[in-house]
S.K.: 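Sending over a structure as structure tokens; questions will come in a sec.
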Amino acid sequence: MNSMKKRINLSLIGIGVATMLVTALICLITLSSMYVDHVRQDMEITADMLCSAYERGDTADLSIFNTSRMRVTLISPDGTALFETDGNMEVMDNHLERPEIKAALEEGKGKARRISITMDIDMYYYAKLLEDGNIVRVSMQAESIFSIYRGMLMWMILVGGIIVIGSIVTSMILTRKLVDPVQRMAQKLDHVNEVDMYEELVPLADALTVYQKRTHELEKVRQEFTANVSHELKTPLTTISGYAEMIENGMVKAGDIPNCAGKIHKEAGRMLTLIGDILELSRLDEPGMQKDLQQVDLYQIAKQCLEMAELSAQKHQVQLFMEGTPSMVMGEKGMLEELVANLCDNAIRYNRPSGRVTITVKKDGITFNTILKVEDTGIGISEEDQRRIFERFYRVDKGRSRETGGTGLGLAIVKHIVQQHGAKIQIKSALDQGTCIKITFPQPDTDSKSPESES
Ligand code: ADP
């Protein structure tokens, strides 16, 4: 909870404090180097003036420079102090070891700086070689960098505190600005796009709208399906219940009982078929269900289906024909059997006496796709109905479908199986002339086989 506020807060504080520290560091370095330069320049000028005074012969002048900040020492080449502005000569040890003196002896001038951490004071030295071999040295005390640091510390703490408070206030305002539209969206989920929001939220709002529409559609489909299923199950069950009641009440003569039982049996069979189809559909609907596709000969499958349909064809006085050549597809045998059986079953049931059903399986000469065609010389389907027959429970002629044992789910199952195989379905039909359903399966070698099988 509140993690976004916390995160914004911490980042702002982090950025603020880091900026402050970096700025302070840069200022400190620049200022201290400027300060040191200034001190050195000061000392060099003083030393130069002393030198020229000395070389003019006014040695007594040295005492004029007895200021509180600068100390002047005159040192002989053997290292003894000849003059000292504070007059404290006896305490001084031999100067020859001092780096600034050494440098002055060797190069004419030398400088040094001794930093004292404990005393908060730095010592600066500048020494110059005079023409007579003596050395004049100017030294000066200055506030150390550490003491400047300490002086700044209070300010840094103060600015840091202001940054922390400022960050908390800013993060509160920012989070509110960020979160408010999201909360308003959550409250108005049904009209997300009407909420006043910032640009970056538009994709989320759009995605939510699409998702909602889809959910609504799915819900509608699901409700319709449930209503349809209940209705479809209710009809045969009402018949079954009616006949059973009549037998129970002794209203059916003994001789009519087999007839009644036959009707009950038929209706129960219809219910079983329907339930079978529903189960099949829900199995095909399962999301992410990876089908175990293998190379199978569609021609062989179609031929077997045709043989199985022979009895039904005779009943409807329809003749069956098989055409084409063995053709491989990537598929699942069980599903392909179901697909051909459903199409063949429809072609027989919606046919006319002495009609014909022709199944063709072949390879397309140009694309090498495998084509399955189921043609009939039946009642045909109007153009308007052609668009809807793949919907669940959609039937052009309810009576005929029921009578011939249809569930209204056959083509919905076909559509699913076609999708699972990455195939395409086309329908050509004219009323009273017949129907041709053509399914094109992608060439099995193109994406699933090794490259050498292509050559
Ligand atoms: P059913 O179980 O009712 O046959 P289908 O889903 O298989 O359900 O088909 C849906 C509807 O499409 C059928 O009710 C029928 O009206 C129409 N239909 C399907 N195939 C054919 C065909 N070969 N000829 C004419 N009409 C057909």
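Each ligand, and each atom within it, is numbered from 1 in the order the structure gives. Position 1 is the first residue of the sequence, and the numbers go up from there.
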S.K.: What is the nearest protein non-hydrogen atom to atom 23 (N) of ligand 1, stated with its residue, atom name and distance?
M.R.: D376 OD2, 2.9 Å
S.K.: Among the heavy atoms of G378, does any lie under 4.0 Å from an atom of ligand 1?
M.R.: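 No; G378 lies far enough from ligand 1 that no heavy-atom distance drops under 4.0 Å.
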S.K.: Is there any N or O on R395 that sits under 3.5 Å from an N or O of ligand 1?
M.R.: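 Looking only at distances, the answer is no, because the N/O contact criterion of under 3.5 Å is not met.
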S.K.: Taking K333 first and then E337, would you say they form a salt bridge - that is, a charged N and a carboxylate O separated by under 4.0 Å?
M.R.: yes
S.K.: Counting both backbone and side chain atoms, is some N or O of G406 under 3.5 Å from an N or O of ligand 1?
M.R.: no
S.K.: Compute the shortest N/O to N/O distance between G408 and ligand 1 and return yes if it is under 3.5 Å, no if not.
M.R.: yes
S.K.: Counting distance only, does the side-chain N/O of N351 pair as donor-acceptor with the main-chain N or O of V318 below 3.5 Å?
M.R.: no
S.K.: Hey, is K398 one of the residues with a heavy atom under 4.0 angstrom from ligand 1?
M.R.: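 In this structure, K398 fails to qualify as a contact of ligand 1 - no heavy atom is under 4.0 Å.
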S.K.: How many angstroms lie between atom OG of S139 and atom NZ of K111, to the nearest 0.5 angstrom?
M.R.: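 One finds 16.0 Å between OG of S139 and NZ of K111.
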S.K.: Quick one about T407 and D277 (side-chain donor to acceptor, distance below 3.5 Å, no hydrogens or angles considered), yes or no?
M.R.: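 There is such a pair (donor and acceptor under 3.5 Å, judged by atom type) between the side chains of D277 and T407.
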S.K.: Between F321 and R356, is there a cation-pi geometry (under 6.0 Å to ring centre, at most 45° from the normal)?
M.R.: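 Relative to the ring axis of F321, which defines the angle, R356 lies inside both limits.
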S.K.: Rounded to the nearest 0.5 Å, how far does CD of E403 lie from CG of D397?
M.R.: 8.5 Å
S.K.: Check each atom of ligand 1 against the heavy atoms of I389 and keep those under 4.0 Å away; list them by number with element.
M.R.: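 Result: 10 (C), 11 (C), 12 (O), 17 (C).
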S.K.: Considering only heavy atoms from C-beta outward, does the side chain of H316 approach that of R349 to under 4.5 Å?
M.R.: yes
S.K.: Which residue and non-hydrogen atom of the protein lie closest to atom 26 (N) of ligand 1, and at what distance in Å?
M.R.: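 For atom 26 (N) of ligand 1, the nearest protein heavy atom is I381 CG1, 3.3 Å.
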S.K.: Look at atom 24 (N) of ligand 1 and find which of Y350, Y394, F390 reaches it with the closest heavy atom.
M.R.: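 Shortest heavy-atom distance from atom 24 (N) of ligand 1: Y350.
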S.K.: Looking only at protein heavy atoms, which one is nearest to atom 3 (O) of ligand 1, and how far off is it?
M.R.: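 Closest protein heavy atom to atom 3 (O) of ligand 1: S401 OG, 2.6 Å.
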S.K.: Should one rank I348, D397, L411 by closest heavy-atom distance to atom 9 (O) of ligand 1, which comes out on top?
M.R.: L411
S.K.: Are R402 and E232 close enough for a salt bridge, meaning some N to O gap below 4.0 Å?
M.R.: yes
S.K.: Within a distance under 4.0 Å of any heavy atom of G410, pick out the atoms of ligand 1 and give their elements.
M.R.: 5 (P), 6 (O), 7 (O)
S.K.: Does the Lys NZ or Arg CZ of R40 fall within the cation-pi geometry relative to Y126 - under 6.0 Å from the ring centre and within 45° of the axis?
M.R.: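 Relative to the ring axis of Y126, which defines the angle, R40 lies outside at least one limit.
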S.K.: Kindly indicate whether a cation-pi arrangement holds for R114 with Y125, taking the cut-offs as under 6.0 Å to the six-membered ring centre and within 45° of the axis.
M.R.: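 Relative to the ring axis of Y125, which defines the angle, R114 lies inside both limits.
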S.K.: Identify, by atom number and element, the atoms of ligand 1 in contact range of G380, meaning under 4.0 Å from any of its heavy atoms.
M.R.: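 Heavy-atom distances to G380 below 4.0 Å select 25 (C).
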S.K.: What I want to know is whether V396 and ligand 1 share at least one N or O pair that is separated by under 3.5 angstrom.
M.R.: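 Yes, V396 has an N/O under 3.5 Å of an N/O on ligand 1.
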S.K.: Please work out whether any backbone atom (N, CA, C, O) or any side-chain heavy atom from C-beta onward of R349 is under 4.0 Å from ligand 1, and answer side chain, backbone, both or neither.
M.R.: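 Near ligand 1, R349 shows its side chain, while the N, CA, C and O stay back.
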